[in-house]
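Written out below as structure tokens is the structure these notes cover.
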Amino acid sequence: MTTTDSTSASSSVDMQPDVDWTQRYRLRLRETLDVLVKQPGPISQSEMQPLAAERVPLNDYDLSVTKSGAVRAWNNLGWLLTTSFEHTGWLHATADGGFRATREGADALGHYPDPQALYDAANLAYRDWDSLRKAPLSPPPVDPSSEIVHDGSGFAHAMRAAAPVLAAWRAGGSALTSAADAWGGSAAAALKNFLVDNPDPDGPMTGLDSDQARLLAAEMWVLLVGPLSDMVGSTKRSRVRNPLMQMVDLPPGLPWEMSAHLEQGFVHGGQALVATPWKMLSSFANLLAHWHEQAVEVRDAVWDDPWSFRDLAAEAPGVDPRVAALLCVVVHPTSFTTVLRPTDRAAIVTALATDADELTGDVERDLKTVTLRLQSEAGGAAVRYEQAPLLQAWSEADGRRAWLVRGEVDQQNRVPTWMRQGIVSITVGKLTQLPKELSQKSLGDLVDDHYGDLQVVKREAKKRDVLSFALGMSDGDLVATVDGGALRLGVVQDEPARLESIGGMTLLRRTVAWYPDLAPEVKSLSGTVRSRLRFKGEDVLDLTEIASALRHLRPEDEEPARPDDLEDADGESLTDGVEPEEDQDEQTQPEVAVLACDEEVLAARLHHADPSWISELMVSLNERRQVVLEGPPGTGKTFLVQALIDACELTDTQWSIVQFHPTYSYEDFVEGFRPVTKGDEAGQLTVMPGPLKRLAEEAEKVPSKPYVLVIDEINRANIAKVFGELYFLLEYRTRPVELLYSAGEQFTLPPNLFIIGTMNTADRSIALLDAAMRRRFVFLSMGSEEPALAGMLHRWCEATSRPTALADLRNRLNAEMAKRGLDPALAFGPSYFMRDGVETPAALDRLWRRELRPMLVEHHYGKHQQVDAWYPFPAWVRALGLDAAADAPVDEAGADAR
């Protein structure tokens, strides 16, 4: 049996273990590597599987499926190829490039002819790789009085990854293979010209013919992404591997030591830079081309003189200044800081320089002077300008700052307890004590120690939260939080952060005087304020840009309640009402959030015959999480969704609605570049999340609560373009993907995020959803053929004391449309007739002339002259007695004057 069609896979239920499985899958692994070595280029997984099956045929056990539904043989093969074999350096595998064997992989086949020996060698190398990427490394010592300090394991790892590449650049040659001149002038020119002609190439850089230039691009990526702390290691390695995928000859592998060091970093590049990879690579290519144009003595000088390197990078045409700054800190780390934006460097010097600093007017030199002084004041510790409290010291602020702190965490709402106790808090794991002195270094080291198991991106985010909370907040700053659907405001008091351990949780807390009676609904606030009250993954968010608007919300005659004014603060715990952790099963996962409501009450409100349709909707939502409501116009699809949200008692922060239209894009829906104003830099572009990403990040923080994204008119947009890689997530929610603009960020759709779409089946000007989208959603019809929905208009008329002849009028109109051969999807829904005053003759006349008749004319295009004869609407109104439905006078505008 050699078939690879997953539809032929048998269930793993009652499947007996195969005693030859281990021997067979290791043989298949070796044969697959041999297949890849013989390929002239990369191949996809679907191309690779039948070739592997020819070498080692699949039996029933191989074709059985795992608990995740994957075919056992391919699940096993893919895992081993992309873990031990890839990290050993024997192959490259990237999402957009497929699989490609390396020279080291070919050598391994010759060195280990036995499949077991090959497997053991790869497994051993993988363990070494895994240990090294997690290893806490110490950077080399420097003199803090004359050299800039970059501390931490991330710096040590990044510089070890960069070292062989920097040596290859300086001496010529290549860091990945000894038989190449990757850093020579011809490779630099070839790469530069390719990027000029292809400013936004695909991942594997299809069309670049020079193997030397491909090697150069890969090694450039090591220097560009290796230092970044806001990009995960897997993405960094993918960037390095991609140029190698389509080399003419077998490419070199990524050495396992270099691969491991790419896991960490020390420079916060920022989304605006990280999301523009080809601009970064093009900038580096332009810089290198300019470097090759210089005399040998000039090129030699830049390695010894940091300011010569800075000047050469600054004068090179077509180089992004942030890329130039990044390379400066990689090449000369003891002379440059990790602040990449020129305006930020200038702002730091302006804000933090003192009269004691001997300034020269050269921003980079002056920044080094300021940094050396701050290092001395910190006892020789590294200075991080992008973290609190230094960030707040130099970034612009009008008076006191404002902060947003997440109150709904750890499956509970802490805000009521905060207000009773006069505090605010964040969770900091199971720490036992704070450092004697709270400083950027001591707290940063604490987070590194406690959260060392996290990816560097998440660890740095946690560090920003802790530093902002403990060092960024100061006496008099505003604190905002969201309590259900209400905004709460308080004022930070002049007391240091304290550590408190309760019920197995460790919390960092600050004293806050809250305004006890101030609780405006978030949905009632201005759009600017409301949008900033949404978290984007952080627990602590700087809101200083809207501090003035928040201050205006405070009552003029009310003082915040200080902690010692609160009578019931003593003896309370942040975990009141929550069982101590020792009494809970630590392995118990939080229950998956469900949408629930009183189905009978909601059905009655919507005038359904019974709750059966609502019950089916709720079951579909809770089982599949993705539902589309489809039906003719006027069936009340959007109204029903809003009624459902009200019935489920969702707060304003738990749901969001978006309207799709033909020009709606991925950038609108998921994330994209948006202009922001910072200081004098109006219009600077940065990556901003769209409604889907914002709501998904909120849902991930509170897994016990349901969140709903409503997509109105879902079929009016180009679905494939809008959803992008989310097509995959709609089917595999737990599998992370890397978003288009947030390079390095792993994104998933949390299980407590529900997506409800509405679709008008009568709109023929747009395409219906494709089969792939239909497979990912449950589609529920809201047409009148649904038993529970039939007669809705009649029941509404009875409930509102309106003539039931309105329902008869609609039925007659739709029956005539069917008689004339129109599709049932074009029928008029009941909501056309469910309006205040619609039963008056004047209102019915307007309804006919302005809404119903124009649509019928369009439906009968080419025979529109006969519409009035086929649909004698005024005569039907008279025949049903609706021409005398109201005896009250009607004003000139036709409105019912009763």
Side-chain angles (χ1 to χ4, degrees), residues 33-44 85-86 88-110 161-162 164-226 236-256 258-259 262 277-278 280-289 291-292:
L33 181 59
D34 187 61
V35 165
L36 293 173
V37 166
K38 292 178 168 58
Q39 294 298 310
I43 61 174
S44 67
F85 274 36
E86 183 174 34
T88 302
W90 293 350
L91 61 82
H92 298 307
T94 62
D96 47 7
F99 290 84
R100 183 81 192 272
T102 67
R103 298 172 190 172
E104 290 77 5
D107 292 342
L109 287 173
V165 179
L166 290 174
W169 181 3
R170 183 169 188 172
S174 167
L176 298 180
T177 176
S178 59
D181 183 16
W183 288 88
S186 60
L191 180 60
K192 176 185 176 181
N193 293 336
F194 171 80
L195 291 171
V196 168
D197 296 335
N198 302 272
D200 190 20
D202 58 11
M205 302 174 69
T206 305
L208 178 57
D209 298 328
S210 169
D211 277 1
Q212 302 283 60
R214 287 185 171 277
L215 277 173
L216 174 60
E219 296 181 26
M220 281 181 166
W221 278 126
V222 175
L223 300 184
L224 290 172
V225 301
K236 294 180 184 181
R237 288 184 283 269
S238 181
R239 291 276 174 88
V240 176
R241 290 185 173 112
N242 264 325
L244 306 174
M245 295 294 289
Q246 295 194 8
M247 289 181 64
V248 176
D249 298 323
L250 276 180
L254 179 57
W256 70 265
M258 182 183 290
S259 171
L262 288 174
W278 300 116
M280 293 177 69
L281 189 64
S282 182
S283 290
F284 198 171
N286 291 337
L287 188 155
L288 185 61
W291 182 82
H292 275 290

Atom pair CH2/CG of Trp90 and Asp107 - distance to nearest 0.5 Å: 10.5 Å
Heavy-atom pair with the smallest gap, counting every atom of Ala101 and Leu250: O-CD2, 3.4 Å
Is there a side-chain contact between Met258 and Leu176 (heavy atoms, below 4.5 Å)? yes
Pro204 backbone acceptor or donor facing Gln246 side chain under 3.5 Å: no
Holding to side chain to side chain donor-acceptor pair (under 3.5 Å), I want the full list of residues that pass it with Asn193, two or more places apart in sequence or in another chain. none
Indicate yes or no: does Lys38 engage Asp34 in a salt bridge with an N to O separation below 4.0 Å. yes
Under 3.5 Å, side chain of Arg214 to main-chain N/O of Met245, donor-acceptor pair present? no
Quick check for you: to the nearest 0.5 Å, what is the distance between Asp202 atom CG and Asn242 atom CG? 8.5 Å
How many angstroms lie between CG in Leu254 and NE2 in His92, if you round to the nearest 0.5 Å? 7.0 Å
Backbone N or O of Gly89 within a donor-acceptor pair of the Thr102 side chain at under 3.5 Å? yes
Which heavy atom of Gly226 sits nearest to which heavy atom of Lys236, and what is that distance? O-NZ, 3.1 Å
Is it the case that atom CG in Asp209 sees more than 12 heavy atoms from other parts of the structure closer than 6.0 Å? no
So, using side chain to side chain donor-acceptor pair (under 3.5 Å) as the criterion, who are the partners of Ser210 when residues are at least two apart? none
If you measure from CG on Leu223 to CZ on Phe284, what distance do you get to the nearest 0.5 Å? 5.0 Å
Between atom CG of Leu195 and atom CG of Leu191, what is the distance when rounded to the nearest 0.5 Å? 4.5 Å
Looking only at heavy atoms, the pair that brings Arg100 and Pro42 closest together is CD-N, 3.5 Å
Got a salt bridge between Glu86 and Arg241, using NZ or NE/NH1/NH2 to carboxylate O under 4.0 Å? yes
Shortest non-hydrogen pair, Thr177 vs Pro252, comes out as CB-CB, 4.4 Å
CA sep, side-chain torsions, deciding dist, call: Leu215, Met247, side chain to side chain contact (heavy atoms under 4.5 Å, CB included): CA-CA 9 Å; Leu215 277 173; Met247 289 181 64; 4.2 Å; yes
For Trp278 and Gly203, the nearest pair of non-hydrogen atoms, with its separation, is CH2-O, 3.8 Å
Hey, does Leu262 have a side-chain heavy atom less than 4.5 Å from the side chain of Arg239? no
Once rounded to the nearest 0.5 Å, what's the spacing between atom NZ of Lys192 and atom CG of Leu216? 13.0 Å
Within a strict 4.5 Å, meaning less than it, do heavy atoms of the Asn198 and Met205 side chains meet? no
Would you check if the side chain of Glu219 reaches a backbone N or O of Ser174 as a donor-acceptor pair within less than 3.5 Å? no
List the atom of Leu244, the atom of Pro251, and the distance in Å for their closest heavy-atom pair. O-CB, 3.3 Å
Starting from the C-alpha separation in whole Å, work towards a yes-or-no answer on side chain to side chain contact (heavy atoms under 4.5 Å, CB included) for Trp183 and Met220. CA-CA 9 Å; Trp183 288 88; Met220 281 181 166; 3.9 Å; yes
